[in-house]
Amino acid sequence: AQSGTVAADPQQYDQAYLSPVTIGNSQLMLDFDTGSADLWAFSNETPASESVGHAKYDSSTGTELQGYSWSITYGDQSGAAGNVYADKVVVGGVTATKQAVEAATSISTSFSDNTDSDGLLGLAFSSINTVTPKQQTTFFDTVKPTLAKALFTCDLKQGNAGSYTFGYIDTSKYTGSVTYVPVDDSQGFWSFTAGGYSVGSDNATSGSVGVSIADTGTSLLYLPAAVAKAYYAKAGGKFDNQQGGYTLPCNGNAPDFNVAIGGKTFVVPGSYIAYAPITSGSQTCFGGIQANTGIGFNIFGDVFLKAVYAIFDVSQGAPRLGFAAQ
Ligand SMILES: O[C@H]1CN[C@@H](c2nc(-c3ccc(C(F)(F)F)cc3)no2)C1
């Protein structure tokens, strides 16, 4: 049975995390994204003008799936589209001999400009893979039957290399016990329900955060508008229309954000919520917590995930998420 581990290297401000992946004879840095289900890459089929500074998948090692195509748009309206090949994909020593690899023939400027990332490796449920006419499986679903345990884990860090594992849990990566919660995969996401919250040293957890997805491909923590408002009232932040979100002082006094999941309280340090200066050198920071307005559910992105050890587990039949303090 297979198992393995791969580094997750942060971009500036932990905006995204990138991991080395071998596809055919090409090595690329991909953004592992538990909020989508396509494995796509810059390729020899991507216009040269759109792929400056990127490693590219050389599709000559693959077997083209004739007549297949894909097209994806992300939450921030970035996106890509192209053709499909079956090829060997290796992640941290775990091998998928025939993985659907989606070669980009067109890519939005925000991906072209982000030269740290050579594409995405989707880890959501394969039910939302965009390949047509025959939907394809994610890397995890492809290798799942061969894994020692049908699970993968995510250990992101603030400003330091973290890791993903496939097929095993690294018990040295967390403290205390793991709290498991059920996952509703009906929309293709790792969706769970979060409970009460509190700000700073208040222990009076109040309200209920509600339906949330665990999304490694989103940088920030998107919460109900009332929760975001309550946080920034305590943090001395304000909603800044020009910035398009809440901002707060970078001064290191931001309170922690505490949230109950499965009856256990997890703490997001205030230092993670003073996310990044709005412009270089500014004393005002863009907030790591923002309102989920227009999304319809909460997104527990990297600001939350780097505070915990997360286990994406389908080994029990029904999918579940495990969280532990780190
Ligand atoms: O769709 C949801 C699934 N997870 C979220 C996600 N968003 C991206 C993304 C990565 C990189 C870029 C860019 F390089 F800056 F363009 C843009 C979006 N990857 O996963 C949103």
Side-chain angles (χ1 to χ4, degrees), residues 8-19 21 28-43 46-47 49-57 70-82 102 104 106-131 138-141 152 154 156 162 164 183-192 211-223 244-245 275-276 286 288-306 310 312 321:
D9 294 328
Q11 287 194 294
Q12 187 185 34
Y13 303 125
D14 304 341
Q15 188 230 342
Y17 292 79
L18 297 161
S19 299
V21 176
L28 296 88
M29 295 300 283
L30 301 185
D31 179 354
F32 286 19
D33 175 23
T34 59
S36 66
D38 285 52
L39 192 172
W40 70 262
F42 284 78
S43 73
T46 311
S49 60
E50 292 177 21
S51 45
V52 175
H54 290 274
K56 293 183 280 194
Y57 164 54
W70 61 282
S71 176
I72 195 163
T73 305
Y74 294 100
D76 65 355
Q77 300 321 309
S78 63
E102 302 172 29
S106 69
I107 297 185
S108 65
T109 48
S110 47
F111 279 107
S112 297
D113 296 348
N114 184 347
T115 53
D116 295 333
S117 166
D118 304 318
L120 261 70
L121 188 142
L123 291 169
F125 292 87
S126 298
S127 58
I128 57 173
N129 172 269
T130 74
V131 173
T138 65
F139 171 78
F140 174 59
D141 276 349
F152 64 90
C154 159
L156 302 180
Y164 291 96
V183 160
D184 165 13
D185 63 359
S186 63
Q187 302 308 306
F189 298 122
W190 291 90
S191 179
F192 64 100
V211 174
S212 308
I213 69 167
D215 184 359
T216 56
T218 289
S219 311
L220 307 183
L221 172 53
Y222 293 86
L223 297 172
Y275 177 69
F286 197 71
I289 286 174
Q290 294 296 334
N292 69 8
T293 311
I295 300 173
F297 46 83
N298 306 306
I299 303 182
F300 279 48
D302 301 333
V303 160
F304 173 80
L305 290 170
K306 61 190 170 184
F312 296 74
L321 271 167

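Indexing begins at 1, ligand by ligand and atom by atom, following the structure's order.
Residue N114 holds the heavy atom nearest to atom 14 (F) of ligand 1 of all those in T73, N114, I128, D76. Among F32, F111, F189, the residue whose heavy atom lies closest to atom 12 (C) of ligand 1 is F111.
In this structure, atom 21 (C) of ligand 1 lies nearest to the protein heavy atom T218 OG1, 3.6 Å. Protein heavy atom in closest approach to atom 10 (C) of ligand 1: D31 OD2, 3.6 Å. Of all protein heavy atoms, the one lying nearest to atom 2 (C) of ligand 1 is D215 OD2, 3.8 Å. Of the protein's non-hydrogen atoms, the one nearest atom 6 (C) of ligand 1 is G217 O, 3.1 Å. Given atom 3 (C) of ligand 1, the protein heavy atom at minimum distance is G35 O, 3.2 Å. If you check which protein heavy atom lies closest to atom 1 (O) of ligand 1, you get G75 N, 3.2 Å.
Panel note: side chain S71, backbone A81; no donor-acceptor pair is recorded below 3.5 Å. A distance-only check finds no donor-acceptor pair linking the side chain of Q290 to the backbone of G288 [under 3.5 Å].
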Using side chain to side chain donor-acceptor pair (under 3.5 Å), reason through N129 and E102 one step at a time and then give a plain yes or no.
CA-CA 11 Å; N129 172 269; E102 302 172 29; 3.1 Å; yes

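To the nearest 0.5 Å, atoms CG (D185) and CZ (F125) are separated by 4.5 Å. Rounding to the nearest 0.5 Å places CD1 of I295 at 11.0 Å from OG of S212.
Ligand 1 has a nitrogen or oxygen under 3.5 angstrom from a nitrogen or oxygen of D33.
The proximity of S110 to ligand 1, defined as any non-hydrogen pair under 4.0 Å, involves the side chain as well as the backbone. Only the side chain of L120 comes within contact range of ligand 1, with a heavy atom under 4.0 Å; no backbone atom does.
F152 has its ring centre no less than 6.0 Å from the ring centre of F139.
In this pair, Y275 and Y13 present their aromatic rings tilted. The plane angle is within the 30 to 60° band. Taking the six-membered ring for Trp and thresholds of 30 and 60 degrees, F189 and F297 have ring planes inclined between 30 and 60 degrees apart.
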